[in-house]
2 protein chains.
Amino acid sequence: MIKPRSRRGGGRPTIADVARKAGVGAITVSRALREPGRVSEDLRRQIESAVNELGYVPDPNARALASARAEVFGVLVPSLTNNVFAEVVRGIYDSLSDGPFRIQLGNTHYSGLEEERLLQVFGPQRPAALIVAGIDQTPASRKLLETAGCPVVQVMETGPDPVDMMVGFSHFEGGKAAAEHLIEAGYRRIGFIGARMDPRSQRRLAGYRAAMEAAGLFDARLTTTTPVPSSVTLGRELFRDALAKVPSLDGVFCNNDDIALGVLFECHRASIAVPKTIGIVGFNDLDMMEVAFPSVTSVRTYRYEIGRRAVAMALAAIEGNRPESRVVDLGFELKRRESTAR
Amino acid sequence: MIKPRSRRGGGRPTIADVARKAGVGAITVSRALREPGRVSEDLRRQIESAVNELGYVPDPNARALASARAEVFGVLVPSLTNNVFAEVVRGIYDSLSDGPFRIQLGNTHYSGLEEERLLQVFGPQRPAALIVAGIDQTPASRKLLETAGCPVVQVMETGPDPVDMMVGFSHFEGGKAAAEHLIEAGYRRIGFIGARMDPRSQRRLAGYRAAMEAAGLFDARLTTTTPVPSSVTLGRELFRDALAKVPSLDGVFCNNDDIALGVLFECHRASIAVPKTIGIVGFNDLDMMEVAFPSVTSVRTYRYEIGRRAVAMALAAIEGNRPESRVVDLGFELKRRESTAR
DNA sequence: GCAATAACTGGTAGCGCTACCATGACGTAG
DNA sequence: CTACGTCATGGTAGCGCTACCAGTTATTGC
């Protein structure tokens with residue numbers, strides 16, 4: 001009698017089937033797949049052809065269970081639709097697509113508690129590495145990261161105290177550079193407009209404030225913010241509010257490009273001359289800022305590259321060679337364009 | 001002697017630990033967690049407190065292995081940064097976040113081969129459901145989907161021949177409605193501008209063509225497309241090309257809103273009056289289209305809702321009650337705005 | 001009051017894979 | 001020619017969990 005197909009497994013070939021077909025032990029098949037160098041040329045070829053013939057694909061669940069290590073990268077981002085994080089995620093996917101690693105993506109919705117919950121869920125999966133956005137984890141989350149037993153990369157920001165590794169840039173410096181540029185260009189009543197105001201936005205605001213204070217131009221009424229999620233529509237609303245509050249406004253540093261675009265459109269609609277009457281600076285430098293009319297000055301950030309670098313660092317750490325410097329600052333670049341060319 | 005901590009497991013509590021602490025059998029703990037109704041009130045409480053005390057979280061890998069069924073939704077989309085798919089994915093995540101299901105996201109990069117590869121990788125994981133974008137799978141992919149042994153939902157489009165279930169809308173009708181609107185508004189030399197030209201774009205183009213032919217206005221030179229990925233910048237370039245080719249152009253239906261935005265900005269830059277000289281229609285109706293100046297007519301699509309509905313249908317199918325109609329058309333809505341208000 | 005049924009609970013045997021150790025066949029050095 | 005390493009291979013014993021079946025105790029019907 002032939003093996004009566006276990007009631008459970010849906011009939012997929014297992015490592016035992018491959019081993020039988022190739023006339024070797026199961027463990028040798030396992031090795032041939034994971035460490036080809038440790039199996040003789042001969043057997044390797046035999047095994048390879050058996051694998052192809054049967055269409056064998058290893059079961060990642062069984063693998064993870066047996067080796068107490070899943071080939072999974074856990075990735076936590078605060079938003080899936082925010083273009084900025086989407087690009088980071090894309091960088092991560094692109095860097096991981098040709099290796100054995102899968103990606104477990106979690107959406108924290110900008111909530112520390114949700115981040116904690118997700119970390120708790122990721123833990124038992126024994127991920128090979130964790131990539132998390134930001135540096136403002138709750139103490140509980142931080143502990144979970146520290147005891148995760150795998151490389152951890154915090155992305156999008158830099159800070160003095162990495163859990164393990166970091167790739168990003170200084171939002172404070174970015175905000176400062178934006179404000180300084182407006183000041184240099186001759187603007188004086190420069191507003192800050194920001195939505196969502198997550199920790200990264202707060203630091204951009206702090207950078208703006210530092211620059212404004214240094215120039216003796218700071219005025220609390222120039223700042224217009226809201227915790228509401230950012231959008232182009234909201235950019236328009238906030239700009240209207242700001243203008244109502246301070247009619248003498250002659251420049252705005254927008255917390256991100258969506259806001260900046262809303263401001264730009266409102267200027268068109270209200271026939272406010274840009275850059276003559278109002279100067280506009282955005283943040284992140286989305287593709288469209290260069291194409292806009294007038295083109296919009298923005299702080300270019302390297303989101304995709306951050307994703308790629310995070311993976312590279314994690315991969316290196318898995319291999320046992322952690323980079324000598326645990327914090328990588330990819331910087332930013334202020335792109336000067338028409339919207340501030342006075 | 002105390003249990004000498006297995007060399008492998010990293011010291012996390014297992015179901016056996018919980019069972020011991022609660023003074024019950026392991027299988028009862030398993031049941032209490034999965035089907036609380038089948039365990040007596042008493043034991044359930046005991047088990048619950050043991051779980052909390054130990055901080056026990058079940059190992060999803062072991063679960064998947066033992067039950068031959070992972071609590072994973074496989075999701076395949078062609079792009080991670082395209083706002084449209086990002087919204088679908090967000091709908092999926094939001095609908096799944098409070099259940100036990102994880103999400104395995106795959107990026108096909110608009111490639112049928114890559115889709116096949118990813119499906120092959122997903123298979124051995126035995127996902128609880130699969131959600132894939134589009135209806136143009138390769139024969140091999142289709143077979144993989146049919147034999148996946150789990151509910152399958154094709155999203156973003158509707159068609160006559162679902163693998164299992166479908167949620168989306170007709171891109172052909174969307175394109176047709178857009179073109180008809182321009183014709184009605186009095187435009188005559190209406191161009192089609194499209195990038196990437198994936199199957200969905202092709203169908204929008206076909207809809208445009210049908211409307212134009214019906215009105216006796218079709219002219220092949222009015223169509224400007226490229227396989228290059230879409231962007232606002234590209235919208236500008238293509239519009240310039242289109243105008244060079246057909247100087248009498250008086251309207252454009254853009255394959256998506258990014259392109260439309262590029263066109264709008266170029267009109268500003270070249271001082272072409274919108275909607276007077278040129279009418280513009282976009283596709284998808286991103287948030288910013290309403291805020292733009294002039295606001296841009298666009299075909300509103302319900303991406304987020306598609307994601308949610310796909311999950312709802314898959315979940316229902318898992319429970320055993322497939323919806324009576326396997327294809328759900330969520331439709332679209334043409335949002336008439338200033339850019340075509342002649 | 002007794003069999004029949006339902007409602008709980010637990011033991012056993014894997015799921016498919018890999019860590020660990022054992023084995024045997026070769027060199028290679030002394 | 002023995003002792004000892006090195007290399008290639010395989011056997012065994014789990015990883016943590018759940019399907020399946022077998023008990024055990026209430027509960028019900030007649």
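We name chains A, B, ... by the order of the sequence lines, and we start the count at 1 in each one. Basis for what follows: all heavy atoms, side chains included, without hydrogens, waters or symmetry-related copies.
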**Q** Taking the side chain from B:E115 and the backbone from B:S141, do they hold a donor-acceptor pair closer than 3.5 Å?
**A** no

**Q** For A:G25 and for B:N61, find the nucleotide of DNA chain D with the closest heavy atom, then tell me which residue's nucleotide is more 5'.
**A** A:G25

**Q** May I ask you to evaluate whether A:R38 reaches the phosphate of D:dA8, defined as a side-chain N or O under 4.0 Å from OP1 or OP2?
**A** no

**Q** What's the closest nucleotide to the side chain of B:L65 if the choices are D:dG16, D:dT9, C:dC17?
**A** D:dG16

**Q** Please tell me which of the listed nucleotides, C:dG14, C:dT9, C:dC17, lies nearest to the side chain of A:D59?
**A** C:dC17

**Q** In terms of side-chain heavy atoms, does A:Q137 have a donor or acceptor partner in A:Q154 at a distance below 3.5 Å?
**A** yes

**Q** Of A:D42 and B:S30, whose nearest nucleotide on DNA chain D comes first from the 5' end?
**A** A:D42

**Q** Between D:dT9 and A:T28, is there an OP1 or OP2 to side-chain N/O distance shorter than 4.0 Å?
**A** no

**Q** Of the nucleotides D:dG10, D:dT18, C:dC17, which one has an atom closest to the side chain of B:R34?
**A** D:dT18

**Q** I want to verify a distance call: between D:dT18, C:dT18, D:dC17, whose nearest atom is closest to the B:I27 side chain?
**A** D:dT18

**Q** Please check the phosphate of C:dC17 (OP1 and OP2 only) for any side-chain N or O of A:R63 closer than 4.0 Å.
**A** no

**Q** Can you find a pair of side-chain heavy atoms, one from B:I47 and one from B:T28, that are under 4.5 Å apart?
**A** yes

**Q** What about B:R31: does its side chain form a donor-acceptor pair under 3.5 Å with the base of C:dG10?
**A** yes

**Q** Map A:A26 and B:L43 onto DNA chain C by nearest heavy atom, then report which one ends up closer to the 5' terminus.
**A** B:L43

**Q** Between B:A62 and B:S40, just flag the one whose closest nucleotide in DNA chain C comes earlier from the 5' side.
**A** B:S40

